[in-house]
Amino acid sequence: ADPVGAAPSGPYPDNALIVRSYDRHDPAEFFTASANGVWFQPPTGLNCGIWNRGSFGCTGNIRGAPPGTTHIGWVNGNIVVRHDWLLSVQFPPGRAERPLPPRSYVEYMGTMCAVMTDGSTYCARGPYRFFVTPNGTWLSPP
């Protein structure tokens with residue numbers, strides 16, 4: 001719960017709570033030959049990664065996003081998190097080889113991605129973040 005009188009935190013998980021309460025995984029567990037960076041699969045079947053200079057994203061069925069959406073993320077140099085055709089062009093060919101289990105996270109190049117207890121996927125780098133849940137998808141505002 002938010003403290004009395006505080007602004008609501010929105011749909012996003014609390015980064016500090018994740019770091020304190022979730023299992024941290026070594027990024028080396030998720031290196032692959034398919035692309036630079038770390039690549040993992042949450043229980044929802046997405047293919048997610050953190051790559052060059054902290055860019056991050058997922059591909060697959062982005063629940064709650066507009067129909068036909070298959071990519072979500074942020075690429076270093078962009079000013080927003082997005083789920084559109086441009087991101088699909090900027091996305092590297094990385095393929096996850098290992099799952100990231102619920103209640104765990106990985107940090108790489110200043111970006112953190114976590115899998116929540118319900119299998120939702122949350123990734124954040126400073127003000128850039130997204131949260132993909134079974135009931136909806138949120139992108140940080142521009």
Side-chain angles (χ1 to χ4, degrees), residues 1-3 6-142:
D2 292 317
S9 61
Y12 303 105
D14 179 347
N15 288 9
L17 180 64
I18 291 169
V19 170
R20 281 193 318 269
S21 308
Y22 280 35
D23 294 328
R24 181 181 180 143
H25 286 262
D26 184 335
E29 296 177 43
F30 301 98
F31 293 158
T32 73
S34 61
N36 290 330
V38 300
W39 295 90
F40 64 91
Q41 186 174 41
T44 56
L46 296 174
N47 179 63
C48 301
I50 306 170
W51 61 93
N52 297 340
R53 296 180 292 183
S55 300
F56 61 90
C58 296
T59 62
N61 180 15
I62 311 299
R63 299 172 185 194
T69 299
T70 59
H71 292 77
I72 188 170
W74 174 80
V75 175
N76 191 291
N78 287 347
I79 59 170
V80 295
V81 177
R82 57 188 345 125
H83 55 50
D84 59 18
W85 69 269
L86 178 58
L87 183 64
S88 65
V89 172
Q90 296 175 315
F91 216 89
R95 296 297 314 159
E97 296 174 0
R98 290 192 54 171
L100 182 63
R103 290 193 52 88
S104 62
Y105 72 100
V106 62
E107 283 185 280
Y108 184 69
M109 295 194 163
T111 296
M112 176 183 64
C113 287
V115 174
M116 313 311 290
T117 56
D118 67 353
S120 298
T121 304
Y122 170 67
C123 289
R125 178 181 176 89
Y128 305 108
R129 53 192 175 165
F130 67 73
F131 190 33
V132 179
T133 75
N135 301 316
T137 295
W138 291 268
L139 307 173
S140 56

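On a predicted model such as this, the values are computed, not experimentally measured, just so you know.
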Discussion item. Using the side chain to side chain contact (heavy atoms under 4.5 Å, CB included) definition, which of the options Thr69, Thr44, Thr121 pairs with Ile62?
Written reply: Thr69

Minimum-distance pair of heavy atoms, taken over all atoms of [X] and [Y]:
X: Glu29; Y: Arg98; result: O-CD, 3.1 Å
X: Ser120; Y: Pro134; result: OG-CD, 3.4 Å
X: Tyr122; Y: Ile18; result: CD2-CD1, 3.7 Å
X: Ala124; Y: Asn15; result: CB-ND2, 4.1 Å

Could you tell me whether the side chain of [X] and the main chain of [Y] form a donor-acceptor pair under 3.5 Å?
X: Asn47; Y: Trp39; result: no
X: Ser55; Y: Asn76; result: yes
X: Ser104; Y: Leu100; result: no
X: Arg24; Y: Glu107; result: no
X: Arg129; Y: Trp138; result: no
X: Ser34; Y: Arg95; result: yes
X: Tyr12; Y: Ser140; result: yes
X: Ser88; Y: His71; result: no

Worksheet item: Is the Trp51 to Phe91 ring centre distance short of 6.0 Å?
Response: yes

Practice prompt. Take Arg125 and Ile50 through the side chain to side chain contact (heavy atoms under 4.5 Å, CB included) test and state the conclusion after the steps.
Written response: CA-CA 10 Å; Arg125 178 181 176 89; Ile50 306 170; over 6 Å; no

Measuring only between side-chain heavy atoms, which start at C-beta, is [X] closer than 4.5 Å to [Y]?
X: Val80; Y: Leu139; result: no
X: Val19; Y: Met112; result: yes
X: Pro92; Y: Asn36; result: no
X: Thr137; Y: Val132; result: yes

Discussion item. Strictly under 2.5 Å separating the two SG atoms? Check that for Cys48 and Cys58, please.
Written reply: yes

Worksheet item: Checking side chain to side chain contact (heavy atoms under 4.5 Å, CB included) for the pair Met116/Phe131: CA distance, chi angles, key distance, verdict?
Response: CA-CA 10 Å; Met116 313 311 290; Phe131 190 33; 3.8 Å; yes

Worksheet item: Does the side chain of Asn135 come under 3.5 Å of the side chain of Thr133 through a donor N or O and an acceptor N or O?
Response: no

Fill in: Residue Leu17 excluded, over 12 heavy atoms near CG under 6.0 Å
yes

Practice prompt. Kindly determine whether Tyr22 and Val115 satisfy side chain to side chain contact (heavy atoms under 4.5 Å, CB included), including the steps that lead there.
Written response: CA-CA 9 Å; Tyr22 280 35; Val115 174; over 6 Å; no

Response to the item:
Hits for ring pair (Phe, Tyr, Trp, His ring centres under 6.0 Å) against Phe130, two or more places apart or cross-chain, chain-then-number order -> Phe56

Worksheet item: How far does CD1 of Ile72 sit from NE2 of His83, to the nearest 0.5 angstrom?
Response: 5.5 Å

